[in-house]
Amino acid sequence: MISLEIPLLEIRGVGPKFVSRLKKLNIKTVKDLLWHFPARYEDFSEISKIVDLTVGQQTTIQGVIQEIKPRKSWKRRMFIIEALISDDTGSIKSIWFNQRFLLSILKKGRLVSLAGKVVQTKSGGICLSHPTYELINNQIMKAEANENLKHTGRLVPIYPETRGLTSKGLRYLIKPILDDLEPVDESLPYEILEKYGILEINDALRKIHFPEEIKESRLAKQRFAFEDLFYLQVLNLRERLRLARQKSYPFKIDFDFVKESLAKIPFELTVSQKKSLWEIFKDLGKSHPMNRLLQGDVGSGKTIVAVLAALAVAEQGKQSAFMAPTEILANQHYSTFKNFFADFSGGVGLITSSGGKVFYGDQLESEIKKPEMAKKSLR
């Protein structure tokens, strides 16, 4: 049995060249490989009879190679392989370009499964152009053989690839590993799986790589997306609990000061803004750190709520930092705060870095009047 922790170099049939290519995708262990999920799927699940094929159809056919021969296209300098495939209803030609190695794999008399698009030839006939191929063991019952198909006759996973490493190569590697994989321990609580209809981990791994129908692949993707969000929430809750155990300075908010500050603003706060501000004041009054996200659309008033909270803290002789993502925005906020709360005794200052210099409050205003500083501030 194969475990998730095994390095891929220890897997039978995986050589150093293959491993070096996998490393380009940051795949080193069995787990890395199985968590390299398909980007999409090609539907070759329909197995058609040759007589029923139509131009533009994307399908799978199964038949015997009647003949196979190479030829050169001197005009385009391409090496072309042509094979005639027959089933009990008819024959069709398959064509591959610049794939010399196929002559050592596809032999006359072999039973093959081919998946691709049916195209019209210049002469008005049809052929399979550059189809995916898969050899079928003539000694195995057809139904059993079809169950073991990896590249044809099913939904075929298409993976993120890199130079020298194709989706077909990844499928060759992943399918036998999944078949010989020891059961993976379920990390999610079973009551959660049952409550939300989430696939069990081993079932999800098989269905994300080799689903029988597209619905199975969606359910598998949902399982892994849910798992990521679930543990992100667990980490967030753990962090909140850690913060809740820490001590912080409990502020007694001076609501008379808050009312005076509100009166200096040339507009009235909305109900939502007042509610958010009240919740922040309640958190500031607690003896453990506040952990709060203020969310809203552009122009919804998040900034003024944050400013009023900062002023309430500053009024009690404590410092608060109001950060902006750009220097231009920081300057705009600074000007707005000074206009609204010009007589605030605690002082409103600005710290910014421009050209390797740091300026504080009014010092910036004198510096920014210089032409070279004005240019920098507008960048």
Side-chain angles (χ1 to χ4, degrees), residues 38 40-71 73 78-159 166-172 174-176 178-179 206-207 209-218:
R40 59 185 176 88
Y41 303 85
E42 287 188 349
D43 190 355
F44 294 126
S45 56
E46 179 187 13
I47 300 177
S48 303
K49 293 293 185 180
I50 291 175
V51 72
D52 298 324
L53 297 178
T54 58
V55 175
Q57 184 179 2
Q58 191 159 287
T59 188
T60 296
I61 66 163
Q62 294 176 343
V64 176
I65 300 174
Q66 298 299 329
E67 61 178 55
I68 182 166
K69 59 184 181 181
R71 68 179 175 87
S73 172
M78 284 192 297
F79 186 87
I80 300 172
I81 295 176
E82 294 182 350
L84 185 66
I85 314 297
S86 299
D87 65 9
D88 56 1
T89 67
S91 300
I92 189 172
K93 188 182 289 185
S94 293
I95 300 175
W96 293 270
F97 304 97
N98 296 325
Q99 301 280 309
R100 290 174 182 267
F101 67 91
L102 291 181
L103 291 173
S104 62
I105 299 173
L106 303 178
K107 301 291 187 180
K108 183 177 178 178
R110 287 302 307 263
L111 180 62
V112 293
S113 183
L114 302 177
K117 190 173 184 179
V118 181
V119 299
Q120 192 166 28
T121 63
K122 290 181 180 179
S123 61
I126 60 173
C127 74
L128 282 176
S129 179
H130 214 77
T132 300
Y133 66 90
E134 197 161 6
L135 298 177
I136 299 177
N137 191 329
N138 299 49
Q139 308 300 317
I140 299 176
M141 295 287 291
K142 189 174 182 180
E144 184 181 344
N146 286 346
E147 285 181 6
N148 294 320
L149 294 175
K150 297 184 282 289
H151 317 294
T152 64
R154 62 174 306 120
L155 279 175
V156 178
I158 307 298
Y159 296 91
T166 65
S167 289
K168 189 170 188 178
L170 287 165
R171 292 193 294 269
Y172 265 124
I174 291 171
K175 187 71 163 61
L178 278 174
D179 292 340
R206 282 162 177 79
K207 286 179 177 175
H209 289 291
F210 294 100
E212 294 298 321
E213 52 187 48
I214 202 68
K215 181 182 177 182
E216 290 183 352
S217 70
R218 291 196 192 105

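All values below were derived from every heavy atom in this structure, side-chain atoms included, with hydrogens, water molecules and symmetry-related copies excluded.
- You'll find the side chain of Leu103 reaches within 4.5 Å of the side chain of Ile81, heavy atoms only.
- A distance of 4.5 Å separates CG of Leu128 from CD1 of Ile61, quoted to the nearest 0.5 Å.
- The aromatic rings of His130 and Phe97 lie parallel to each other, their planes meeting at an angle below 30°, with 60° marking the opposite boundary.
- In this structure, the side chains of Val64 and Ile85 stay at 4.5 Å or more apart for every pair of heavy atoms.
- In this structure, Arg71 contributes its side chain and Glu82 its backbone to no donor-acceptor pair below 3.5 Å.
- The shortest distance between side-chain heavy atoms of Pro157 and Arg171 falls below 4.5 Å.
- Considering only heavy atoms from C-beta on, Val156 stays 4.5 Å or farther from Thr132 through its side chain.
- Of all non-hydrogen atoms in Thr152 and Ala115, the two that sit nearest each other are CG2-CB, 3.5 Å.
- Interatomic distance, CD1 of Ile214 versus NZ of Lys207, reported as 13.5 Å (0.5 Å rounding).
- Between the side chain of Asp87 and the backbone N or O of Lys49, no donor-acceptor pair lies under 3.5 Å.
- Smallest separation of non-hydrogen atoms from Leu155 and Pro211: CB-O, 3.8 Å.
- Within the 4.5 Å cutoff, side-chain heavy atoms of Leu135 are placed close to those of Leu106.
- Under the 3.5 Å distance criterion, the side-chain polar atoms of Glu134 are matched with a main-chain donor or acceptor of Lys150.
- Of the candidates Phe44, Tyr133, Tyr172, His151 forms a ring pair (Phe, Tyr, Trp, His ring centres under 6.0 Å) with just one, namely Tyr172.
- The number of heavy-atom neighbours closer than 6.0 Å to NZ of Lys175, taken from other residues, nucleotides and ligands shown, is above 12.
- Within the 4.5 Å cutoff, the side chain of Glu213 has no heavy atoms near those of the Tyr41 side chain.
- Contact between Val119 and Ser129 at its shortest, heavy atoms only, is CG2-CB, 3.8 Å.
- Ser48 pairs in a side chain to side chain contact (heavy atoms under 4.5 Å, CB included) with only one of the listed residues (Thr59, Thr60, Thr54), which is Thr59.
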